[in-house]
Amino acid sequence: MKLIYAIVRNDNEDDVTSALSKNGYSITKLNTTGGFLRKGNVTLMIGTEDDKVDKAIEIIKSECGERQKIKVDMPFISGASMVNYATMPTQIEVGGATIFVTDVVRFDKF
């Protein structure tokens with residue numbers, strides 16, 4: 001048995017959970033926040049048999065789409081005072097999903 005952790009954007013949550021549920025996967029959802037942009041994410045925990053992991057990942061990938069690059073103006077402080085405050089454009093990737101798959105040593109359901 002495996003446990004899939006899928007971190008997806010809030011924008012994709014409904015599509016991902018609906019598609020996984022339609023394909024018979026049980027999901028536990030945790031609301032999380034990304035560290036860099038502090039945007040809302042959802043971490044999905046999906047317990048499944050080993051032979052169903054690849055199908056789950058395919059579903060998540062198809063519903064989340066590809067990662068996109070966006071421009072973010074990051075604060076840049078030159079010198080010791082805020083008088084010299086400026087922004088520096090930085091390109092980052094958003095979207096898609098981050099997925100971890102771990103082995104389950106024991107599973108009990110009461």
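These figures come from a predicted structure and were not determined experimentally. This chain uses plain numbering: 1 for the first residue, then up along the sequence. The figures here come from the full heavy-atom set of this structure, side chains too, leaving out hydrogens, waters and symmetry mates.
Every side chain to side chain contact (heavy atoms under 4.5 Å, CB included) that Asn23 has, sequence neighbours left out, goes to Tyr25, Lys55, Ile59. Taking Asp11 as the reference, Arg9 meet the salt bridge (Lys or Arg N to Asp or Glu O under 4.0 Å) condition, with sequence neighbours excluded. A search for side chain to side chain contact (heavy atoms under 4.5 Å, CB included) contacts involving Lys29 returns Glu13, Asn31, Val42, Leu44, not counting sequence neighbours. Leu3 pairs by the side chain to side chain contact (heavy atoms under 4.5 Å, CB included) definition with Tyr5, Met45, Thr102, Val104, not counting sequence neighbours.
Annotation: the span from Asp14 atom CG to Glu63 atom CD amounts to 11.0 Å, rounded to 0.5 Å. Taken to the nearest 0.5 Å, the CD1 atom of Ile46 stands 7.5 Å off from the CD1 atom of Ile99.
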Please assess Lys52 against Asp50 for the test salt bridge (charged side-chain N to carboxylate O under 4.0 Å, His left out), listing each intermediate value before the final yes or no. CA-CA 6 Å; Lys52 295 182 179 180; Asp50 293 15; over 6 Å; no
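Partner of Thr43 under the side-chain hydrogen bond (donor to acceptor under 3.5 Å, both in side chains) criterion, out of Thr28, Thr98, Thr32: Thr32 alone.
The closest side-chain heavy-atom distance from Thr48 to Val53 is below 4.5 Å. Residues Val16 and Cys64 form a side-chain contact, since some pair of their non-hydrogen atoms from C-beta on lies under 4.5 Å apart.
Residue pairs meeting the salt bridge (charged side-chain N to carboxylate O under 4.0 Å, His left out) criterion with at least one member in residues 96-105, sequence neighbours excluded: Lys2-Asp103.
Both Ile57 and Ile27 belong to a common hydrophobic cluster when Ile, Leu, Val, Met, Phe, Trp and Tyr are linked at side-chain heavy-atom distances under 4.5 angstrom.
Cluster partners of Phe110: none. The rule joins Ile, Leu, Val, Met, Phe, Trp and Tyr whenever side-chain heavy atoms lie under 4.5 Å apart, and it links nothing here.
Contact record, Met1 with Gly47: CE-C, 4.3 Å, taken as the closest heavy-atom pair.
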